[in-house]
Amino acid sequence: MPELPEVETVVRDLRPLLLGRSFVKIAVSRKSLRRKWSRAWEATLLDRCVHAIRRRGKWIVIELGIPCLVAHLGMTGQLTVASADQPREAHTHVVFTLDDQTELRFRDVRRFGSVTVFPTMVHADRYFLQISLGPEPFDLTDGRWFGSLNATRRNLKAILLDQTIVAGVGNIYADESLFEARLHPTTLGNAVTRKQAKSLRLAMVAVLTRAIEKRGSSIRDYIGGSGLKGEMQNEFRVYGRTGEPCRRCRTTIVRIVLAGRSTHYCPRCQVLGTIVEPQRLRRARASRSPKATG
DNA sequence: ACAGGATCCTGGGGGC
DNA sequence: TGCCCCCAGGATCCTG
């Protein structure tokens, strides 16, 4: 499932393969993607030089001088560069032939992804503004982050998945970040202390940074821009580990459904971030301590 | 405001 | 072996 680290890996892979190249031909399959492809876009893209490739949240932005190509990988999207003589795999929906006999290919089995063209970068940025795309996790300040959490009674899992609050986090890294911060996924945003908010922000940054280093997670469909798989799936602490022992305390990892998504956590390591009065805290500690008999 | 569910979509896996 | 059903989950829409 392409989230921020996977999209970042694709962008980094594509950069050397696309920069300075131009599109000489575009072929689009009949099957529709999430957003309908317009034939009128093709003329605006042809014979233009790729100036820059960047990521915004889970979006890939390819700047071609004035117009820009904006792609979202959805669940199973792949954006790769391959030699033109390499056979095209099934579910390849858009093929951009480059001026060096290679092809930029958009493949998406489940077609939740999209490829769109904006006339200028201003239009693309306006679109991100229109969908209220939140800040990058690496740009979040503690003040803004705590403010966002504090302003809602939604649970932390739902907050992390909300692209208007923080852009780029999906189901995998939401669960992994919550484990790293030792916060229970059902914790309500406004029950989180400043300290907990900060630890969640730092956990998110650490998990995403590590995942980028490992070229993302390849569970089923995800591959980078050069076709290489990621390695982060080998380091999951909770995601997809239902019934397995926690790597920290050996307690069985639990799966629940939150915000309509599978949510994995360690019931022992991850605590509810509620503000607990000192008296209740002492009682809770006493009940946890080992008993003299039994 | 927010939770929960349905929708889109296909392939893989489990059960029988 | 084949068939049915469920599951995966990003974005978006709808309902309660």
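Values in this document were obtained by computation on a predicted structure and should not be read as measured data.
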Peer 1: Without decimals, in angstroms, what is the distance between A:Arg107 CZ and B:dC9 P?
Peer 2: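 Between P of B:dC9 and CZ of A:Arg107: 18 Å.
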Peer 1: How would you list, by chain and number, every residue that makes a side chain to side chain contact (heavy atoms under 4.5 Å, CB included) with A:Pro2, sequence neighbours excluded?
Peer 2: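 Checked A:Pro2 against side chain to side chain contact (heavy atoms under 4.5 Å, CB included); matches are A:Glu6, A:Val7, A:Leu73.
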Peer 1: Has A:Arg111 got a side-chain N or O lying under 4.0 Å from the OP1 or OP2 atom of B:dT10?
Peer 2: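 Answer yes for this pair, as a side-chain N or O of A:Arg111 is under 4.0 Å from OP1 or OP2.
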Peer 1: Looking at every heavy atom in both A:Cys266 and A:Ile253, which two are closest together, and how far apart are they?
Peer 2: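 Looks like CB-CD1, 3.8 Å.
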Peer 1: Provide, to the nearest angstrom, the distance between the CD atom belonging to A:Gln130 and the P atom belonging to C:dA11.
Peer 2: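 It is 15 Å, rounded to the nearest whole Å.
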Peer 1: Is the CZ atom of A:Arg268 crowded by more than 12 outside heavy atoms at less than 6.0 Å?
Peer 2: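 Result for CZ/A:Arg268: open.
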Peer 1: Just checking A:Phe179 against A:Tyr265, ring centres under 6.0 Å apart?
Peer 2: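 Ring centres of A:Tyr265 and A:Phe179 not closer than 6.0 Å.
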Peer 1: Do any pairs count as a salt bridge (Lys or Arg N to Asp or Glu O under 4.0 Å) and have a residue in residues 128-138 of chain A, sequence neighbours left out, and if so which ones?
Peer 2: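 For residues 128-138 of chain A: A:Arg55-A:Glu136, A:Arg56-A:Glu136.
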Peer 1: Rounded to whole Å, please give me the gap between CG in A:Leu73 and P in B:dC9.
Peer 2: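 The answer, rounded to whole Å, is 19 Å.
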Peer 1: Nucleotides 13-16 of chain C: which of its N/O atoms have a protein N/O under 3.5 Å away?
Peer 2:
none

Peer 1: When hydrophobic residues are tied together by side-chain contacts of less than 4.5 Å, even through go-betweens, does A:Leu156 share a cluster with A:Val205?
Peer 2: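 Same cluster.
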Peer 1: For C:dA8 and A:Ser262 - does any side-chain N or O of the residue sit under 4.0 Å from the phosphate oxygens OP1/OP2?
Peer 2: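 Affirmative; the distance criterion is met.
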Peer 1: Strictly below 4.0 Å, N to O, side chains only: are A:Asp142 and A:Arg194 in salt-bridge contact?
Peer 2: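 A salt bridge is absent here (no side-chain N lies under 4.0 Å from a carboxylate O).
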Peer 1: Any donor-acceptor pair under 3.5 Å joining the side chain of A:Arg110 to the base of B:dC9?
Peer 2: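 Looking at the base of B:dC9, it does pair with a donor or acceptor on the side chain of A:Arg110 (distance under 3.5 Å).
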Peer 1: Which whole-number value in Å describes the distance from A:Leu188 CG to B:dA1 P?
Peer 2: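 From A:Leu188 CG to B:dA1 P: 17 Å.
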Peer 1: Can the ring centroids of A:Phe106 and A:Trp37 be said to lie less than 6.0 angstrom from one another?
Peer 2: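 Not close enough - the centres of the two rings lie 6.0 Å or further apart.
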Peer 1: A:Glu213: which residues meet the salt bridge (Lys or Arg N to Asp or Glu O under 4.0 Å) condition with it, sequence neighbours left out?
Peer 2: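 A:Arg210.
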Peer 1: Just to be sure I understand the geometry, which residues of residues 154-178 of chain A put a non-hydrogen atom under 4.0 Å away from DNA chain B?
Peer 2: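 The answer is A:Arg154, A:Asn155.
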Peer 1: Among residues 143-153 of chain A, which ones have heavy-atom contacts with DNA chain C below 4.0 Å?
Peer 2: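 None - not one residue of the stretch has a heavy atom sitting under 4.0 Å from the strand.
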Peer 1: If only side-chain N and O atoms count, and only distance matters, is there a donor-acceptor pair under 3.5 Å linking A:His264 with A:Asp175?
Peer 2: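 Their side chains do contain a donor-acceptor pair, which is all the 3.5 Å distance test asks for.
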Peer 1: Please determine whether a side-chain nitrogen or oxygen atom of A:His91 lies at a distance below 4.0 Å from atom OP1 or OP2 of B:dT10.
Peer 2: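 Answer is no, no contact under 4.0 Å.
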Peer 1: Does A:Ser114 reach a base, just sugar-phosphate, or nothing at all? Heavy atoms under 4.0 Å.
Peer 2: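 No contact.
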Peer 1: Does the side chain of A:Lys214 pick up a donor-acceptor pair with the side chain of A:Asn234 at under 3.5 Å?
Peer 2: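 Their side chains do not contain a donor-acceptor pair, so the 3.5 Å distance test is not met.
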